Amino acid sequence: MAAADDAAVRDLVARMFATMYHAPGIGLAAPQVGVALRLAVIDLAPDDKRTPHVLINPEIVAVSKELATREEGCLSLPNMYADVTRPAQVKVRYLDIDGARREIQGDGLLAACLQHELDHLDGVLFVDHLSALKRNMILRKLAKDQKAKEQTAGDR
Ligand code: GNR
Ligand code: NI
C-alpha cells in the first residue's frame with residue numbers, strides 16, 4: 001500500500017478506537033463510520049488495561065459446530081438488544097496494522113464480537129440473525145425512538 005494510504009488508514013484506525021472507547025463499545029467496523037473498507041477494531045479488555053486489535057481483511061477460517069446464544073447490541077442500532085445464536089468458537093485470519101498476517105481464536109464474548117464485526121463488513125447486522133418477528137419489533141422500536149428524538153430536537 002502507498003505511504004499516503006498507510007497514513008490515512010492509521011488515522012482512520014485512531015479515530016475508530018476513539019469512537020469505540022467513547023461509546024463505549026467493544027468493537028467497531030469501518031462501514032459503521034461510513035468507510036467502505038474491510039477493517040474493524042476490537043478491544044474487550046477493561047479500560048485500565050486496553051488491548052486494541054486492528055483487523056484488516058479479516059476472514060473466518062474455522063467455526064465450531066457448537067453454538068452459543070448471547071445478548072448483543074450494536075452502536076448502529078442504539079439501545080436495541082437481542083439474544084443472537086452463533087458458532088460458539090471461531091478462528092479469524094487477518095492483517096494487523098503493520099500488514100503482518102495474524103490469527104485470533106476466540107470463544108464467549110470474543111467469538112460473538114468477531115462474528116458481529118465481520119458481519120458489518122458484509123452489511124449484516126445482528127437483527128439479520130433474528131426471526132422476522134423479532135427483527136421487525138426492534139426496527140419498529142428504533143423508528144419510534146428516532147421519531148421521539150426528532151420531536152425533542154424540534155421542541156428546542
Ligand atoms: O459494543 C458492542 N458490544 C457487543 C456485545 C455483544 C456482541 C457484539 C457486540 S459489538 C458492539 C459494538 C458494535 O456495534 N460493533 O459493531
Ligand atoms: Ni455493531
Side-chain angles (χ1 to χ4, degrees), residues 1-130 134-135 137-139 141-142 145-146 149:
M1 213 192 291
D5 290 352
D6 194 276
V9 169
R10 282 175 194 276
D11 187 67
L12 169 69
V13 163
R15 283 185 284 116
M16 285 174 64
F17 275 118
T19 300
M20 182 187 85
Y21 290 131
H22 178 80
I26 57 171
L28 188 69
Q32 292 182 274
V33 294
V35 176
L37 286 180
R38 299 190 68 82
L39 183 157
V41 298
I42 65 171
D43 189 348
L44 278 75
D47 279 355
D48 59 340
K49 38 183 159 189
R50 286 182 176 175
T51 311
H53 295 281
V54 180
L55 282 60
I56 298 173
N57 289 345
E59 285 181 85
I60 294 181
V61 293
V63 296
S64 62
K65 258 190 253 172
E66 185 199 340
L67 303 179
T69 300
R70 70 168 49 237
E71 188 173 72
E72 297 194 15
C74 182
L75 299 176
S76 300
L77 303 169
N79 306 313
M80 304 299 146
Y81 302 91
D83 284 346
V84 179
T85 300
R86 303 178 183 271
Q89 296 162 346
V90 291
K91 191 198 280 186
V92 172
R93 206 165 279 162
Y94 63 97
L95 299 179
D96 71 14
I97 190 66
D98 299 313
R101 285 170 59 94
R102 288 186 179 270
E103 257 181 32
I104 186 169
Q105 185 160 4
D107 61 10
L109 182 59
L110 177 57
C113 183
L114 286 167
Q115 293 173 81
H116 177 118
E117 300 316 331
L118 267 69
D119 272 355
H120 274 299
L121 306 184
D122 296 318
V124 173
L125 300 175
F126 79 81
V127 292
D128 296 315
H129 294 280
L130 308 177
K134 284 186 186 166
R135 178 168 53 253
M137 266 172 55
I138 287 181
L139 296 180
K141 198 157 144 252
L142 196 70
D145 286 6
Q146 189 60 40
K149 209 175 132 194

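FYI, side chains are in, hydrogens and waters are out, and symmetry mates aren't considered; it's all heavy atoms of this structure. On a predicted model such as this, the values are computed, not experimentally measured, just so you know.
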Closer than 3.5 angstrom, by distance alone: can the side chain of [X] be matched with the main-chain N or O of [Y] as a donor-acceptor pair?
{"X": "Asp43", "Y": "Thr51", "result": "yes"}
{"X": "Ser64", "Y": "Ala88", "result": "yes"}
{"X": "Gln146", "Y": "Leu142", "result": "no"}

_So Cys74 and His120, do their side chains get closer than 4.5 Å, heavy atoms only?_
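Yes, at least one pair of side-chain atoms sits under 4.5 Å.
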
Do His116 and Arg86 come within less than 4.5 Å of each other through their side chains, counting heavy atoms only?
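Heavy-atom side-chain distance check passes, below 4.5 Å.
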
To the nearest 0.5 angstrom, please state how far the [atom1] atom of [X] sits from the [atom2] atom of [Y].
{"X": "Gln105", "Y": "Leu114", "atom1": "CD", "atom2": "CG", "result": "10.5 Å"}
{"X": "Leu55", "Y": "Leu39", "atom1": "CG", "atom2": "CG", "result": "8.0 Å"}
{"X": "Leu110", "Y": "Ile104", "atom1": "CG", "atom2": "CD1", "result": "5.0 Å"}
{"X": "Leu118", "Y": "Cys113", "atom1": "CG", "atom2": "SG", "result": "10.0 Å"}
{"X": "Tyr21", "Y": "Ile26", "atom1": "OH", "atom2": "CD1", "result": "11.5 Å"}
{"X": "Glu66", "Y": "Asp107", "atom1": "CD", "atom2": "CG", "result": "8.5 Å"}

Got a sec, which residues hit salt bridge (charged side-chain N to carboxylate O under 4.0 Å, His left out) with Arg93, two or more places apart in sequence or on another chain?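 Per chain and number, Arg93 pairs via salt bridge (charged side-chain N to carboxylate O under 4.0 Å, His left out) with Glu103.
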
How far apart are the closest heavy atoms of [X] and [Y], and which atoms are they?
{"X": "Tyr81", "Y": "Ile138", "answer": "O-CD1, 4.1 Å"}
{"X": "Arg70", "Y": "Ala112", "answer": "CD-CB, 3.6 Å"}
{"X": "His129", "Y": "Val124", "answer": "NE2-CG1, 3.9 Å"}
{"X": "Phe126", "Y": "Val84", "answer": "CD1-CG2, 3.8 Å"}
{"X": "Arg101", "Y": "Leu95", "answer": "CG-CD2, 3.7 Å"}
{"X": "Pro24", "Y": "Leu75", "answer": "O-CD2, 4.3 Å"}

Are there more than 12 heavy atoms of other residues, nucleotides or ligands under 6.0 Å from atom CZ of Arg135?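 Counting neighbours around CZ of Arg135, more than 12 heavy atoms of other residues, nucleotides or ligands fall under 6.0 Å, so yes.
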
Atom CE of residue position Met137 - does it have more than 12 heavy atoms of other residues, nucleotides or ligands inside 6.0 Å?
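Atom CE in Met137 is not crowded, with 12 or fewer foreign heavy atoms closer than 6.0 Å.
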
Once side chain to side chain donor-acceptor pair (under 3.5 Å) is applied, what residue pairs with a partner in residues 8-18 remain, sequence neighbours excluded?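 As it turns out, the side chain to side chain donor-acceptor pair (under 3.5 Å) pairs with a partner in residues 8-18, which skip direct neighbours, are Asp6-Arg10, Arg10-Asp98, Asp11-Arg15.
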
Decide yes or no on side chain to side chain contact (heavy atoms under 4.5 Å, CB included) for Gln32 and Thr19, but give the supporting numbers first.
CA-CA 11 Å; Gln32 292 182 274; Thr19 300; over 6 Å; no

Begin from the C-alpha positions of Thr85 and Thr69 and carry the test side chain to side chain contact (heavy atoms under 4.5 Å, CB included) through to its verdict. CA-CA 4 Å; Thr85 300; Thr69 300; 2.6 Å; yes

